[in-house]
Amino acid sequence: VQLQASGGGSVQAGESLRLSCAASGIIFSIATMYWYRQAPGKQREWVATISSTGTSNYEDSVKGRFTVSRDNAKNTVYLQMNSLKPEDTGVYYCSARYPQIYWGQGTLVTVSS
């Protein structure tokens, strides 16, 4: 199983980024997909979930700003991040529950004020 996250970068506060996570080695359409992030010096925290049926859930601080989506034809999950804030800075990880949890490598997002 491989989960390849991409799309991170350095942006100014208020700007947007779209993260992608391409999965292989699983039947993507039945996997629940997650985004987590880890800020410097802090524990990894959950950001968003999208179920196999497309139901999404968000951590409170990103509600209304972030949108998780999936393209089962491309075996890819996305995280559209708008109105970014400096506190959104961190390494973003995708993971899949299939049914055990698999993790990908992270992609760094840096938001400067």
Side-chain angles (χ1 to χ4, degrees):
V1 176
Q2 285 195 323
L3 300 171
Q4 183 74 38
S6 61
S10 295
V11 297
Q12 297 287 322
E15 295 183 341
S16 299
L17 281 174
R18 189 176 82 153
L19 306 183
S20 300
C21 176
S24 60
I26 60 173
I27 303 175
F28 181 80
S29 61
I30 64 173
T32 297
M33 301 300 297
Y34 305 85
W35 285 100
Y36 283 76
R37 66 186 178 190
Q38 188 166 18
K42 295 188 177 181
Q43 290 189 329
R44 192 174 299 188
E45 66 173 359
W46 168 73
V47 174
T49 302
I50 186 164
S51 73
S52 59
T53 59
T55 301
S56 57
N57 289 285
Y58 301 92
E59 190 271 329
D60 284 347
S61 71
V62 308
K63 283 180 181 177
R65 300 188 298 122
F66 290 12
T67 303
V68 61
S69 61
R70 63 191 298 158
D71 184 337
N72 290 341
K74 295 183 178 180
N75 286 3
T76 300
V77 62
Y78 303 98
L79 186 67
Q80 177 67 43
M81 306 186 295
N82 298 330
S83 302
L84 282 161
K85 303 176 180 180
E87 51 264 43
D88 295 318
T89 292
V91 178
Y92 283 70
Y93 300 88
C94 65
S95 68
R97 179 160 54 89
Y98 180 72
Q100 68 189 77
I101 299 293
Y102 297 93
W103 290 92
Q105 96 295 350
T107 186
L108 177 63
V109 172
T110 303
V111 185
S112 55
S113 57

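The basis for the numbers below is simple: all heavy atoms, side chains too, and nothing from hydrogens, waters or symmetry mates. Owing to the predicted nature of the structure, the values given are computational and were not obtained by experimental measurement.
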Identify, with sequence neighbours excluded, every residue that meets salt bridge (charged side-chain N to carboxylate O under 4.0 Å, His left out) alongside K42.
none
Among Ile, Leu, Val, Met, Phe, Trp and Tyr joined by side-chain contacts under 4.5 Å, find the other residues sharing a cluster with Y78 and list them by chain and number.
none
With sequence neighbours left out, what residues match [X] under side chain to side chain donor-acceptor pair (under 3.5 Å)?
X    : result
Q105 : none
R44  : none
S29  : none
E45  : R37

Listing request: all disulfide bond (SG atoms under 2.5 Å apart) pairs with a residue in [range], at least two apart in sequence or in separate chains.
range           : result
residues 61-93  : none
residues 15-112 : C21-C94
residues 37-84  : none
residues 38-78  : none

Any donor-acceptor pair under 3.5 Å from R97 side chain to T32 backbone:
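No: the side chain of R97 does not pair with the backbone of T32.
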T49 side chain to Y34 main-chain N or O, any donor-acceptor pair under 3.5 Å?
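Pair absent, no side-chain N/O of T49 close to backbone of Y34.
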Do D60 and K63 sit within salt-bridge range, that is, some charged N less than 4.0 Å from a carboxylate O?
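Salt bridge: yes.
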Got a sec, which pairs hit side chain to side chain donor-acceptor pair (under 3.5 Å) with one end in residues 7-24, sequence neighbours left out?
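Passing the test, one end in residues 7-24: Q12-S112, S16-N82.
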Selection residues 84-113 - residue pairs positive for ring-ring contact (aromatic ring centres under 6.0 Å, His included), sequence neighbours left out:
Y36-W103
Under the side-chain contact (heavy atoms from CB on, under 4.5 Å) rule, what do V109 and M81 come out as? Steps first, then yes or no, please.
CA-CA 10 Å; V109 172; M81 306 186 295; 3.8 Å; yes
